[in-house]
Amino acid sequence: MKTILVTGGAGYIGSHTLIELDKAGYRPVVVDNLINSSIESIKRVEQITGRQIPFYKLDLRDAAALECVMEKYNFYACIHFAGLKAVGESVQKPLEYYNNNMTSTFVLLEQLKKHNCKNIIFSSSATVYGIPEEVPITEELPKGQCTNPYGKTKSMLEEVLIDLQNADKEWNVVLLRYFNPIGAHPSGDIGENPNGIPNNLMPYITQVAVGKREKLGIFGNDYDTPDGTGVRDYIHVVDLARGHVAALSAMERNCGLAIYNLGTGCGYSVLDVVKTFEKVNGIAVPYTIMPRRAGDIAACYSNPQKAKVELGWSAEFGLEEMCRDSWNWQKKNPEGYNTGE
Ligand code: UD1
């Protein structure tokens with residue numbers, strides 16, 4: 001059984017990936033500093049899988065702490081989710097973002113190299129395309145100018161990993177560019193658990209639906225899109241999680257450097273998401289049109305063919321399932337993982 005180091009495994013995408021790793025016969029080991037995540041997610045994953053998940057609370061910048069974990073296991077690969085990810089906050093606190101996301105990855109890579117684990121999957125983002133020259137976006141499109149430090153750390157870390165693989169061909173580096181993950185595990189026991197006011201669309205919608213917020217603000221209805229609202233490629237987080245398992249199988253074939261979009265290839269507008277959520281769940285989501293949000297683009301959706309052809313992976317869930325499962329999680333856990341205990 002192959003052991004996988006999962007950094008940030010207590011987070012939204014990480015926790016869902018633990019379940020898919022377990023299903024596929026891998027043994028995940030989690031390191032997470034829990035600054036934006038909850039140990040409760042790991043407990044819930046253990047309930048769902050019926051298996052114990054080794055967990056270490058540590059900050060990746062603490063090389064000595066990480067080294068202790070590296071010495072304990074013989075890791076086949078690392079899936080590196082850990083990082084700060086709030087776009088607006090990254091503009092306010094650039095040093096924190098650069099220090100955290102860059103330094104933690106440098107320490108991690110040194111440790112992986114030292115312990116001869118040269119397989120890494122990196123959580124990148126569609127944000128690296130900047131304002132895309134065209135949609136749907138293929139991996140061949142040039143990267144663009146990111147408007148915020150969060151996006152820049154993703155783009156720079158891609159470069160770091162590409163240089164590393166170029167210098168030492170023993171490395172297998174898979175860069176996964178996520179589009180917009182939403183949804184939750186169908187059990188409703190794990191899901192997205194944002195701190196404070198959500199920045200992203202779906203958690204805001206579910207908090208309006210559950211009565212925590214009065215109404216959704218739609219950021220602009222004058223974009224050059226069919227209904228004027230922003231168009232994105234929403235992908236069910238369980239599909240995204242499965243994409244990581246597919247990427248691990250590419251490593252078994254010694255893929256070298258590989259870059260994949262993980263999206264569905266379908267673009268939906270903000271109004272499409274609101275209407276589908278209302279229809280599927282039978283619950284109203286009041287909204288108001290607001291000015292555009294700085295840094296937003298009109299349309300961003302993937303061409304997911306490369307992952308389909310090379311990894312045999314494609315998204316299975318549609319927008320209705322995404323809306324159903326997001327609501328199921330929020331309804332069962334109105335306070336997220338804050339169970340009040
Ligand atoms: C954002 C980040 C992206 C990051 C991703 C993580 C920016 C510019 N991009 O993507 O780098 O990888 O989150 O999940 O911030 N919307 C509303 N009202 C809201 C919230 C969002 O109308 O309250 C709209 C947005 O204008 C956009 C769409 O919903 O058209 C999706 O927004 P969001 O969920 O924040 O994701 P992105 O902006 O695409």
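Indexing begins at 1, ligand by ligand and atom by atom, following the structure's order.
The aromatic rings of His185 and His16 sit tilted relative to each other, their planes meeting at an angle between 30° and 60°. The aromatic rings of Tyr56 and Tyr73 sit perpendicular to each other, their planes meeting at more than 60°, with 30° as the lower class boundary.
The 4.0 Å heavy-atom shell around ligand 1 contains residues Val87, Ser125, Thr127, Tyr150, Asn180, Asn199, Asn200, Leu201, Leu216, Gly217, Ile218, Phe219, Gly230, Arg232, Tyr234, Val270, Arg293, Gly295, Asp296, ordered by chain and number.
Contacts of Tyr97 classified as side-chain hydrogen bond (donor to acceptor under 3.5 Å, both in side chains), with partners at least two apart in sequence or in another chain: Glu89. Residues satisfying the side-chain hydrogen bond (donor to acceptor under 3.5 Å, both in side chains) criterion with Arg51, sequence neighbours excluded, are Asp22. Partners of Lys2 by side-chain hydrogen bond (donor to acceptor under 3.5 Å, both in side chains), not counting sequence neighbours, listed by chain and number: Glu252.
One finds a salt bridge joining Glu158 and Arg177 here, because a Lys/Arg side-chain nitrogen approaches an Asp/Glu carboxylate oxygen to under 4.0 Å.
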